[in-house]
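What follows is one structure encoded as structure tokens, with my remarks underneath.
Every chain is numbered from 1, with letters handed out A, B, ... down the list of sequences.
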Amino acid sequence: MAKNAAAVAAPTAKKSKKWVQIKRDKWMYALLLPGTLYFIIFKIIPLWGIFISMKTYYAGVDFMEADWVGLSNFIKFFSSTSFIMLLKNTLIISAMNIVFFFPLPIILALLLNEIRLQWYKKALQTLVYVPHFVSMVVIASITFMLLKESSNDAQSGGAIFELVKRINGTGESWLGGKVAIYWVLLFQNIWKESGWGTIIFLAALAGVDVEQYEAAIVDGASRLQQLIYITVPAIMTTVVTMFILRMGSVLDTGYEQLILMQNSLNKSSTDTFDTYVYNIGRVDGNYGYSTAVGLFKSIVSLICIQSANRLAKHAGQAGLF
Amino acid sequence: MKNWKRISMLVLATGLAASSLAGCGETKKPIDLNSKTPSIEVMTSANKTNSPGQESPVVQAIEKHLGEAMSEKYGKQYDKVILDIQWVVSTAYGEKVTAALGANEYPNVMLVTARNSSIIQNSKHGTFWDITDYFQKKDDKFKSEENPEGYVYPELAKANPVINKNISVDGRISGIYRARTIGRQGMTYRRDWVENLHKKGVLDFDEPKTLDDLDAMMKAFTENDPDGNGKKDTYGMIVTTFLDGPLNNLAIWMGSPNEWGYDEEAGEWKPWFMSEGYFDAMTKMREWYQAKYINKNMATMDANDWDSEFLNGYGGIQIDVADRARRNATNIAEKNPNAVVDVIGYVTDGDADPRVLPTTGYMGYYVLPHQTVETEEELDFVLSVLDECNSEEVVDLCNYGIEGTHYTLDENGKAKIISEDSLTKDYQDLNQFSMGLAGPYQLTTAYANKAAEKVQQVYDENEQWAVMNPMAPYTSDSYAMSGTQLDAIIAEAKTNYIIGNLDEAGYKKAIDQWLKMDGDLVCQDYTEAYENDKSNYKDGKLYIPETSKYKFRF
């Protein structure tokens, strides 16, 4: 590489130093190209679409012909009845995920890390990844089979439904329950993603200096003390980074899972910003209004990620940027 | 070696870049009228996953028939007209239409299932052909014995004007609808119970005609042991969480408007649940509920249990779609061979004229985008093909397949379907493509039972008494945005009023809440839509027909 660069650089000495550097690292820049193009094409250029949120623009109608309405789409959204409901549902689902789901991959990673039998650890690791590759549609169908209610006394419902019915005597509607559905959604997430989420923490754990453990053992530290004083602080940066990133998606509930699990009984507690944007924008074609809702979501995400970052720095952690 | 690595890197990098740049622009070829086999691309909804394509003998038969018909009409040789049907699974259909609109890439003929704001905006902006004046278009050269008026599109000329009004935008029609039964609603009941009670002298009729009859029936079904087993183990009407089935029908029978009515005193349009008739119906159901003529778990009973409650002989009346009678008549025979299931379309309020809650009469409609149907000539050809698709021959092919292969005729001339998967897959879902707007058609299957025959009679009779929804052609953006919440408020209030948790003042409170939570905007949207529709003006003045005027309580 160096020989090449010198050979190229010599005859073009007049050109600026920067150009020489670029020439020298041209393959590196070539590798950078797809990523840059990706961001320009899919993230930067579409930004002009924000203007859609200030028009009454429907799919298929000429964009230039659509009326400018200023912020009326936003005002309509904030003053609509749906806003409070959507905010409430989104926050409930998101908060449950942060409180109950977020710590699980960390705990699981720590547990896996403590296993000393290598083959057993590897096998377990692979097994917990598997659900991640199962499609949400399949998971929804499995859930229906396990939780469905019996249509009459002669027939039996799903296995878990029947079990609960035997224990407490009354059949509880999990799929139609306004509150119960939240736990179903949470459990689906945990089952599907907590194994996959361990990857990044296991990588962080692999980077912990072994000498620290050796020194601790010499000092007579127990397994638990090693965990608390060496392992946990070592991965704290990763945990904080993941948490900040998670805060950036506080209003992201995704719509695939929710739409699959939605029915007329639980709709008022499972409609979130994401499903709302999907229904109004993708299905009904009201692009102007749904873009306004989506933009609102992005702004809140930006605020959340910024404040989480500030908080982390304030608490003495490295932060993200 | 190193060079190879570099080259492969470069190839990878440029490859990635190129693939991210490559669009997916598929250009649509126009309809080739000079070809002997012109092809028309149709996008429609499918219920099955393996809907038939060019390999199906039924599709081939339709294409051949269309070719012959077009050859005759245009005096030009067409071997066949290829129907290139793009099947889209019905659950994702709305999304697919929006995607087509957003990308401005259309088939020649596209089914539109949801009438949302984007469809209405597109109709106003002329994305689709305005075909209002083509339905009744006449030309002397087409005059013949079967077509004495000389309609250019004789089958399209049979389209129901009421349904055409329902799919119109500003009084202009941009589509050909897929027809559905208008008078589909009815009351299914245990005829044998009524007859038993008639014999006992409790009731004085075999078939209820008026609201008073229904009242007496509800009482007798609960208190006078209609099944004669000596136990008081039956009740009148089965009501489930789908309260709107029974309640909306009863409301129309008792004089409520259909969805929207005009309050002359207040000078504004109001939703039906604020009307006098609707409130009367709720009060009637409240009385029935208190007297235990209705199942006590009506607020929680799943609509899936509706039929089993009826089949087990617990409750004797269901008010919903009339076809329930056909299904239940078949299923009840296994449990109780003596049971007789019958159906009526309505009961009247005293001597008043019958009133029936109709459906909208259509299930989506086919639009012809300007983008892909470019010229007047192409439009004429596509309309002729769609016209021919409504002919008896093509509709029969779509519904039953080919005679001799897919079905046979019994001695009464009824179709007997050979139900083998390998055969039905040749034409399944073609009935989803079919419009059937020139119906009723001759060929039908034999009635499964006596109730099925009665169901057909109910359909036919209901149609003339249908109370149409004056706002059916319009939509409300506010409703699209807040509908879930708004519907929940009213649904809860209706149930609670009927089971006695709310009194009239409480119900009024719920309505006020509905109005406050954007319900007033919904009213406003519809009022504006009505006023903006040029076809609602007569002599320059806004015209509200007498049949849309009602008395309102709230």
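Atom NZ of K96(B) sits in a sparse spot, with 12 or fewer heavy atoms from other residues, nucleotides or ligands closer than 6.0 Å. Taking a 6.0 Å sphere around CD of E492(B), one finds it holds 12 or fewer heavy atoms contributed by other residues, nucleotides or ligands. More than 12 heavy-atom neighbours from other residues, nucleotides or ligands sit within 6.0 angstrom of CZ on F63(A). A 6.0 Å sphere centred on CZ of F39(A) holds no more than 12 heavy atoms belonging to other residues, nucleotides or ligands. Residue F78(A) qualifies as enclosed at atom CZ: its count of foreign heavy atoms under 6.0 Å is above 12. Counting heavy-atom neighbours within 6.0 Å of M517(B) CE, excluding the residue itself, gives a total above 12.
Side-chain atoms of T98(B) come within 3.5 Å of backbone N or O of R282(A) as a donor-acceptor pair.
With a 4.5 angstrom heavy-atom cutoff, F83(A) does not touch chain B via any of its atoms. With a threshold of 4.5 angstrom between heavy atoms, Y57(A) does not approach chain B through any atom at all. For D271(A), the part sitting under 4.5 Å from any heavy atom of chain B is the side chain, from C-beta outward, and nothing else. For S79(A), the part lying near chain B is the backbone, with the side chain staying farther off; criterion is any non-hydrogen pair under 4.5 Å. In this structure, the portion of T127(B) lying under 4.5 Å from any heavy atom of chain A is its side chain and not its backbone. Proximity to chain B (any heavy atom under 4.5 Å) is restricted, for Y289(A), to the side chain, taken from C-beta onward. Using a 4.5 Å cut-off between heavy atoms, A480(B) touches chain A through backbone and side chain atoms alike. Only the side chain of D477(B) comes within contact range of chain A, judged by heavy atoms closer than 4.5 Å. Within the 4.5 angstrom heavy-atom criterion, only side-chain atoms of Y278(A), from C-beta onward, approach chain B.
Note on M481(B), Q371(B), H125(B): by heavy-atom pairs under 4.5 Å with chain A, the leading option is M481(B). For the set D284(A), L86(A), V283(A), the count of heavy-atom pairs under 4.5 angstrom toward chain B peaks at D284(A). For the options A100(B), S482(B), S478(B), heavy-atom pairs under 4.5 Å to chain A are most numerous at S482(B).
Pairing each heavy atom of G60(A) with each of Y106(B), the nearest pair is CA-OH, 4.3 Å. Considering all non-hydrogen atoms of both residues, A59(A) and G102(B) come closest at CB-N, 3.9 Å.
Here D518(B) contributes atom CG and S82(A) contributes atom OG; the two are 7.0 Å apart, rounded to the nearest 0.5 Å. Considering OH of Y58(A) and CD1 of I120(B), their distance stands at 9.0 Å, rounded to 0.5 Å. Atoms OG and CG, on S268(A) and D487(B) in that order, are 11.0 Å from each other to the nearest 0.5 Å.
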